[in-house]
Structures are given as structure tokens and as C-alpha cells.
Amino acid sequence: MLNKEEILENLKEVKDNISKNCQKVGRENDVTLVAVTKTFPKELIQTCIDLDINVVGENRARELRDKYNEFKDKVSWHMIGHMQRNKVKYIIDKVDLIHSLDSKRLAKEINKRAKKNDVIMDCLLQINIVDENSKYGILKKDIDDIFEYIQKFKNIRIVGFMNMAPFYDDPENARNDFKKMKDLFDSYKNNNYANIYMKHLSMGMTNDYHIAVQEGSNMVRIGSAIFGKRDYS
Ligand SMILES: *Cc1c(COP(=O)(O)O)cnc(C)c1O
């Protein structure tokens, strides 16, 4: 694992890249950085706190729960990974945003658990913009249908879209999908659903965040560019 000084250096570089890429396309820098701490030991969260990183992303419910129990609300926790319904209960009272809402059944469970905990859970709808069958996420053609379904839930608020581009050796290949995501995001800004607001467009990871920012992302999820390589063993 990298030491604190190395992480700080990486963090500065990432923030600098974000602001440069905003400047490049003449947009204001309203980009939220979600630092992805998944797979790293708990101690990394303390490093984040020390370095004023205030939003962290985790992709597994139990791992998030265990880390949360040590640090509580010293950072804001985001759930960024695909989630099974039976895991919702672990995180519902801990996270500020779920990026990976990708089915009606999951929405129903989140609403149920949120109601029990007396919270309104902010969620992003994960979109599959490339139309590949194997990927998680809602297809463009199914968005209205799921919004119709979700609008009856009092304990869920949809606050935007999330997208995960396929890994390309050349991240330029993701540009067109990011453009499509931004158009989609803008097209839902005026809608008639009471609990659906288009505030966050979560797209861009280590490999492609510079392109995502150029194309209008206002929330990037970055792990390895800040913390170094992950060890999955
Ligand atoms: C792991 C992960 C990231 C961060 O990936 P890096 O390439 O390390 O920046 C972002 N989003 C999701 C959903 C992830 O699972």
C-alpha cells in the first residue's frame, strides 16, 4: 500500500487533472470526487480522513459496513457496486448515496429498508448505455418504465445517473458513450416525477475520468489513480 505522502501526491494530481479538464472545455469545476477505497484495509479510511478526502466509495456491502462501524460519519460513504437485495439491510443506515440502483426489485427492497429506518435514500440509476447484455444497468428504453415504478416509493429519491464504461485500452473510445449519458441526463432534467431529480452524473474512473469530465460528468469514482493498485488475492 502507498504511504500517506504518496497518496497525497496522487490526490493532488487527480484534482489538478479534474480542474484542467474542466477548464479545457470551459465548464465550472463542480465535480465531486468519490475516492474508491474498496479492497484496501480499514486503515486507509483514516488516511482519507487525514487528507481531507470526504467521500469514499465501496462496492461490497459487508466491507462497507465493517469499515463504517469503525469510522462512522467521519466520511461520507457511497455504495458504488452492484448489490444483491439481501445486502441492502447492511448499508441502508450508513450510506449517503447508492450509485448502483439497477432493477425494480432492488428499488423495492431499498424503499422497504429505508422506510424501516425512517430515511429517504438517495440513489442513482445505473445506466447501460452500450447495450451489452452482460453489463449491469438499465437500458435507455427501460428508464421510463422503472421511473414510473419508483415514483410511488416515498423513501427513495433518484438524484441522477451512473454509468460505468467498458474498459478500453484507449479511453477515447468511451467518449461517445459519455456524450450519450450527458444528453440523457439533460433530457431528464425536466420531468414530472415527484422523487426524481437530475443532480449527479456519476461517470469516469481512473482510466477515463479526464474524458468523462470533458463530457460533463460531475461525479467521478477514482481508486487506483489515488491509492495505487488493488490486491484482489
Ligand atoms: C472499482 C470501481 C471504481 C474505481 O476504479 P479505478 O479504476 O480504480 O479508478 C469506480 N467505479 C466502480 C463502480 C468500481 O467498482
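Remember, it's 1-based here, ligands and their atoms both numbered in the order they're listed.
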What's the shortest distance from atom 5 (O) of ligand 1 to any protein heavy atom, and which residue and atom give it?
M205 CE, 3.6 Å
For K38, take its heavy atoms, then give the atoms of ligand 1 lying under 4.0 Å from any of them.
1 (C), 2 (C), 3 (C), 14 (C), 15 (O)
Taking N111 for the side chain and K108 for the main chain, is one N or O donor matched with an acceptor at less than 3.5 Å?
no
Assess whether side chain to side chain contact (heavy atoms under 4.5 Å, CB included) is satisfied between E63 and K67, documenting all intermediate values.
CA-CA 6 Å; E63 187 178 338; K67 289 175 177 173; 2.9 Å; yes
For G223, take its heavy atoms, then give the atoms of ligand 1 lying under 4.0 Å from any of them.
4 (C), 6 (P), 8 (O), 9 (O)
Heavy-atom contact check, 4.0 Å cutoff: does I80 meet ligand 1?
yes
A student checking ligand 1 against R221 at a 4.0 Å heavy-atom cut-off should list atoms 4 (C), 9 (O), 10 (C), 11 (N), 12 (C), 13 (C)
Modelled atom types, side-chain donor and acceptor of Q23 and K20, under 3.5 Å
no
Ligand-residue contact atoms, ligand 1 with I222, heavy atoms, under 4.0 Å:
9 (O)
In a check of side-chain contact (heavy atoms from CB on, under 4.5 Å) between V55 and each of V34, V36, L97, which one passes?
V34
Among protein heavy atoms, which lies nearest atom 9 (O) of ligand 1, and at what distance?
T206 OG1, 2.5 Å
Taking only non-hydrogen atoms of S224 and a 4.0 Å limit, the atoms of ligand 1 in range are 6 (P), 7 (O), 8 (O), 9 (O)
Contact between ligand 1 and R230 is defined here as a heavy atom of the residue under 4.0 Å from a ligand atom; is it met?
yes
